[in-house]
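One structure below.
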Amino acid sequence: MLRCIALAMLLMLGRRAALEDECSSGADSCVAEADMVELAQMRVQPSIIAASKRRSGWKKATWKIGDWGTGTDPAWNLCNGLSRKSNQPPDFVGKCAADGSDLEGTPLPFVECVSACEGNVYGPGFCDEDHEEQAKAVWDVNAEYPLMMNGVEDIQGCKIAAKDSDYKAKWKAFQALGEWVCVPNPDGGSPITAKTSRGHGPGVCGTVALYTLSKEKGSPVIAQFQLDTRAWSQEASATTHLCPTGSPCAGGQGCIQ
């Protein structure tokens with residue numbers, strides 16, 4: 001899963017907003033060509049009638065803790081279940097290399113979380129609130145950690161304290177978009193079609209990002225409205241659009257960044 005930090009703004013004025021490169025006949029005629037583009041701070045203001053077309057390059061999807069309590073899971077919950085995604089036989093037989101070498105960004109603390117959460121009430125590979133301070137010691141608040149596909153989350157409102165200043169207006173507008181939306185392709189060329197989705201993200205409630213798992217033309221893309229935490233797990237209401245039955249990341253399995 002790749003990301004492009006973009007200055008392009010998704011103008012939430014409905015499915016047929018007057019964007020220069022919007023699909024003229026609706027979402028069905030667009031092609032999905034991008035990997036993943038974070039749309040910088042979507043704005044919902046009646047005075048805006050066009051969106052910036054400035055774009056930047058692609059990169060692997062990552063997230064940063066920043067200050068604790070600003071939209072990231074507490075440290076114990078970041079460790080909770082993380083080690084079970086790694087390959088540390090005989091206890092854990094996940095798909096991620098225990099040293100994090102198969103993911104781009106600061107290596108996730110697969111091994112360190114096991115030690116920090118030893119003796120928790122749930123068992124090996126998990127963690128609990130009593131181990132918060134130990135877990136904090138294994139995370140770097142300034143690091144760019146990998147973001148990987150993990151599972152389905154279908155929620156209808158912000159679940160964290162941190163919200164964008166225009167969150168309420170953006171959320172109302174996003175809900176009115178319907179199942180599909182056309183957005184400018186940050187890589188240039190034809191606009192792309194995205195299936196609307198809700199869940200985790202790299203920012204706060206109100207951040208919107210596009211995700212896909214392949215650069216191949218026609219690959220599925222989702223436009224995710226963030227309602228929940230920054231974490232290593234990418235959970236979305238439309239996860240099955242990216243990870244259908246039989247795919248490497250189906251059911252939250254695999255190690256797909």
Side-chain angles (χ1 to χ4, degrees), residues 1-6 35-40 56-89 91-118 120 124-127 131-151 153 160 162 186 199-204 207 209-215 224 226 228-236 239 242-243 248-249 252-257:
M1 187 165 51
L2 305 180
R3 180 172 77 194
C4 167
I5 302 300
D35 278 276
M36 180 276 194
V37 54
E38 182 180 343
L39 301 178
S56 61
W58 301 107
K59 73 168 189 174
K60 283 285 187 178
T62 59
W63 60 283
K64 185 168 71 172
I65 292 172
D67 295 327
W68 294 108
T70 61
T72 301
D73 272 349
W76 73 266
N77 208 25
L78 289 178
C79 278
N80 189 29
L82 174 62
S83 298
R84 302 177 74 84
K85 298 284 289 185
S86 67
N87 189 351
Q88 300 182 57
D91 295 322
F92 314 117
V93 290
K95 301 296 184 182
C96 295
D99 63 359
S101 59
D102 51 356
L103 298 168
E104 291 190 20
T106 301
L108 289 164
F110 294 110
V111 176
E112 293 83 353
C113 275
V114 175
S115 298
C117 299
E118 187 174 356
N120 75 85
F126 294 102
C127 203
H131 290 75
E132 172 68 7
E133 291 307 312
Q134 297 94 312
K136 272 188 175 181
V138 308
W139 294 97
D140 181 349
V141 297
N142 297 309
E144 291 284 344
Y145 289 109
L147 178 65
M148 70 178 100
M149 294 304 301
N150 193 49
E153 180 182 57
I160 56 178
H200 291 191
V204 297
T207 299
L210 302 183
Y211 298 87
T212 189
L213 300 179
S214 174
K215 289 184 178 182
Q224 175 110 319
Q226 185 169 345
D228 207 344
T229 186
R230 297 191 300 275
W232 54 267
S233 60
Q234 172 57 306
E235 300 179 15
T239 291
L242 295 182
C243 301
C249 54
Q253 303 301 305
C255 187
I256 310 297
Q257 182 183 15

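Just the heavy atoms: all of them, side chains too, but no hydrogens, waters or symmetry mates, feed the values below. If you read the sequence from its start, that first residue is 1, and numbering goes on from there.
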Subject >> SG-SG under 2.5 Å, C117 vs C127 >> reply: yes

Subject >> A98 to S86 - nearest heavy-atom pair and separation >> reply: CA-CB, 4.3 Å

Subject >> V204 vs T207 side-chain heavy atoms within contact, under 4.5 Å >> reply: yes

Original post:
Could you give the distance from CG (D73) to OG (S233), rounded to the nearest 0.5 Å?
Top reply: 7.0 Å

Subject >> Qualifying residue, where the test is ring-ring contact (aromatic ring centres under 6.0 Å, His included) with W139 and the options are W232, W76, Y145, W68 >> reply: Y145

**OP:** From the options D228, T70, T72, select the one residue that forms a side chain to side chain contact (heavy atoms under 4.5 Å, CB included) with I160.
**Re:** D228

Subject >> pair D91-R84: side-chain heavy atoms closer than 4.5 Å >> reply: no

Original post:
Between F110 and C96, what is the shortest heavy-atom contact and its length?
Top reply: CZ-CB, 3.7 Å

**OP:** May I ask you to check whether Y211 and Q234 show a side-chain donor-acceptor distance below 3.5 Å?
**Re:** yes

Subject >> L78 side chain reached by P109 side chain, heavy atoms, under 4.5 Å >> reply: no

**OP:** Measure the SG-NZ distance between C255 and K85 for me, rounded to the nearest 0.5 Å.
**Re:** 7.0 Å

**OP:** First locate atom SG of C79, then atom NZ of K136, and finally report the distance between them rounded to the nearest 0.5 Å.
**Re:** 12.5 Å

Original post:
How about H200 and L147: do any of their side-chain heavy atoms sit closer than 4.5 Å?
Top reply: no

**OP:** Measure the NE2-OG distance between H131 and S115 for me, rounded to the nearest 0.5 Å.
**Re:** 11.0 Å

Original post:
Just wondering, do Q226 and P202 contact through their side chains at under 4.5 Å, heavy atoms?
Top reply: yes

Subject >> Nearest heavy atoms of S83 and G125, plus distance in Å >> reply: CB-CA, 4.2 Å

Subject >> Interatomic distance, T62 atom OG1 to M148 atom CE [nearest 0.5 angstrom] >> reply: 12.5 Å

Subject >> Test item: C249 and L242 side chains (from C-beta on) under 4.5 Å apart, heavy atoms >> reply: no

Original post:
Does the side chain of D140 come within less than 4.5 Å of T106's, by heavy atoms?
Top reply: no

